[in-house]
Structure formats: C-alpha cells, structure tokens
Amino acid sequence: MDVLKLVKEAKQEIAASQKCLFDQFSDRLMLVCCRYLKSREDAEEVLLDGFYKFFKNIGSFHYYSEAQLYAWLKKIMINECLMMLRKKNVFTIVTEDAAEDIMLEEETLNSLSAKEIFELIVQLPVGYRTIFNLHVIEGMNHKEIAALTGIAEGTSKSQLSKAKSLLQKKLLQNQAVYDTRKIK
Amino acid sequence: MIQEKLNNGNWKEGLEDVNNLPDYILQNKHAAWENLHNRLHEKQRRTGFAWYWMAAACLIIASSIILITTNKKNDVALINAPIKIQRGKIISPQPLNKINIDTKSTALNTIKKNALAGSNKKHSINIINVKEKTANDSIVQINVIDHEIQIALPVLKDSIKQNITAVIPMQKKMKVVHINELDNSNNLNMTQSTGHLPLRIKFLNRDIYTDYTIQPATTGFNILKLNSSPSN
C-alpha cells in the first residue's frame, strides 16, 4: 500500500491507516528498542509510547520518502529509549578520562551474522551498549551523545572504548567457533 | 549455507533486518495495536470531557459576572479624601435618609474599617462601634475615644456624588442636680402634688430627700430617697 496515502489518512486519524503504518514499521522498530533496552517489556512499552507520539504529531510531518519516515520513527524510538534509561538512572556515571580508542576489528564483525552481532551487543552492560549503539550504529559524535544522555563528552568516549574492548574480548572468546565455521 | 549468514560489510543494516532476527520482533502485534488504539481514543474522550468542564466553568464565570454587575448599583466606590472628625461628630452635607439603607450600611462599615486601618491618623484612635440608628433621622453613632483625629476616610462615591457624613450627638451623662436648680414649674408641680416641699437630710455625708411623689404610708413615715435615685 502507498505509504504516502497511509500517512495522509493517519493525519486524519483514520484507524485503519494508522494500523497499517504500525504493522509496517513496528517489527523493525522493535529491534531498535531491543538493542537499547534489556527488558522485552520495556522495549514494547517504549515502542507503543513512540508510536503514540508519532500519531499525535503526525500532523507536523511532511512526507518525502519511506526512508525519511522510518528515520523519523527511529529517532522517536531512540529518544524514548533514552528517556526510559534516564528514568532508570543508567547514565549516572562518574566522569572518567577518555580512554585510548580501541579499534574494533570490523572484518570480524563482518564475518558474523546479524543475529550474532545483535546478541553480542545485547550482552554488553546498558551504559556501554547505549554509547556503542549511538556512536557506532547510529553514527552520532560524542558531543551529540553527551547532549542526548546528559553525560560528559569524555565519559562518552571512555564508555565507548570500554564497550569496544569488551566486545573484542567476546569476539576473541568466540573466535575459535567462528574459525571452525569458516573452515567448514 | 554458512556464507549466506555472513554479512558483506553491511552488518549495521543487518541489525535492523527483521528476517535475520525473528526472535526480537513484536510477538503479539494485534494486542499491541489494540493497546495503542485504546490509548489514542481514550485521550480523545478525555479531551471531550475537558471541553465539557471548560464550558461549565465559562458558564459559571459568566453568571457570576452578571450577578456582580447587577449588584454593583448598590456598591460604593470609595475615594480617599481627608475628613475631619471632631469629638465623634461627622458633618454631612447630604442627609443620610436620601441614601438607600444598603448603601449607608456598606459605607459605614467601610468607614469603620478604614478608620481602624487608617494610615494617616495623627492620634491613636479607637472606634468602638459604628451603627445606624434609623433610616430616616440620619443619625449615626460613632464612639471615638480621642479629642481630635484626622483620618483619610473614604468618601462615598455613588450616583449621588456627594460627600456623606453623619451628625452624631454626644452622649449626655446624667447629672444629679439639686431640686432648687430645677425649673420653677417643676417645683410648683411638686408642691401641688404633695402639698409640702421635700425635706433635705444630711446623713453620713449624703444628701437624702423626702420623696414628695409617694404618699405617706399608714405608718406615717415619709419614704426617703437618696440623691442617686432616679428623679421623675
């Protein structure tokens, strides 16, 4: 179905169109929420809150493309996730000096399946995971992360390097498994 | 088979691919939608209720404004202007009986309040009571304990547009006078009624008179009267 038409009808609060949009984007956005939040219930709650805000503010949205709509929805969801984490005082981290930047072996990551990478990320502590998600996956710089999460830039850098280090350790632990799989 | 699972440099995109991660998608999408749908409509219902409440509040405000404006005819607009009060007397160029009673009572209460809280008072004052005696004789009694005070008392500004003051007669203290100081006519009446003048007796530094108004009892003794007893 045409997304533009759905958006127009959703602006008129037509429930059927709203449901179509929800069905179309909810799964992908649920993955985003699960990447940020450990609990599945929290992720579902945030997803519904995000969609609620989306439908309430859809009047101010100007549709250009489906990708743009998805980006907008994703931004709403990420903000909702960060709000939820802030409520849980995840970001009450003592300011630390920026650690040395650890280069994560991208090749290793490329050799892994999406599910494997996803599970590696989900295993990280919440603070590390949030910074990793924002910096590596969403492509935000540390200034933006600091503004979003309310932590210092140095803390953000430090958290990122620790996240990468931990991820690398996990990758090395699983290296043998991956290698054997590659040989096969 | 295994190669299919591997990413070709697009691992970031793979993280949002639903086909790769079926375990993390929304399990009960229908229930989630119902929940969201209810929330969206519940809010609309709440806003509907809010409109009803707002309409009711507007109605109350409008009716109260109408009531206030209709009652304003009897209200008194006050202007602070100095009025001199001398020994409990306020002189009015406007007779109070020309003002309706509600206005007078409001005005008097306001005078009382302002006098008690007056900032311009030169001497300490104590207004005990301000009351209207009658609606017609325009007598207002104010007990003021001071010789002379100057207060910025409010002046009534009404449709009459004239300053209002009240004539306050001083309370007369009862004074005991000797019978000889009374009018001759009284003396004459007394002598006519009794046939003789009352006798003055001095006893323990007090003047006692025989009462001429009461006839002698069978005992033959005249009833005596103290100087503190009420006469006539």
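So that the names make sense, note that chain A is the first sequence line, chain B the second, and so on, each numbered from 1. Heavy-atom basis, side chains included; hydrogens, waters and symmetry copies ignored.
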Exercise. Side chain, backbone, both or neither: which part of A:Phe118 has an atom under 4.5 Å from a heavy atom of chain B?
Worked result: both
Exercise. Which pair of heavy atoms, one from A:Asp27 and one from B:Lys29, lies closest together, and at what distance?
Worked result: OD2-NZ, 3.0 Å
Exercise. What closest approach, in Å, do A:Leu48 and B:Ala32 show between heavy atoms, and which atom pair accounts for it?
Worked result: CD2-O, 3.5 Å
For this session: Quick one: which of A:Arg28, A:Arg40, A:Glu44, A:Arg35 has the most heavy-atom pairs under 4.5 Å with chain B, could you say?
Result: A:Arg40
Exercise. What part of A:Phe55 is in contact with chain B, defined as an atom under 4.5 angstrom from a non-hydrogen atom: side chain, backbone, both or neither?
Worked result: side chain
Problem set entry | A:Lys38, NZ atom: more than 12 neighbouring heavy atoms under 6.0 Å | yes
Exercise. Would one find more than 12 heavy atoms of other residues, nucleotides or ligands at under 6.0 Å from atom NZ of A:Lys74?
Worked result: yes
Exercise. Hey, are the side chains of A:Glu119 and B:Tyr24 touching, using non-hydrogen atoms and a 4.5 Å cut-off?
Worked result: yes
For this session: Check whether any side-chain heavy atom of A:Glu45 lies under 4.5 Å from a side-chain heavy atom of B:Asn35, and answer yes or no.
Result: no
Problem set entry | Contact origin within A:Leu29 toward chain B - heavy atom pairs under 4.5 Å | neither
Exercise. What closest approach, in Å, do A:Ala15 and B:Trp33 show between heavy atoms, and which atom pair accounts for it?
Worked result: O-CZ2, 3.5 Å
Exercise. If you draw a 6.0 Å radius around NZ in A:Lys11, do more than 12 non-hydrogen atoms from other residues or ligands fall strictly inside?
Worked result: yes
Seminar exercise, completed: A:Met30 and B:Ile25 have their tightest heavy-atom pair at CG-C, 3.9 Å
Problem set entry | Side chain proximity check, A:Gln18 to B:Leu40, heavy atoms < 4.5 angstrom | yes
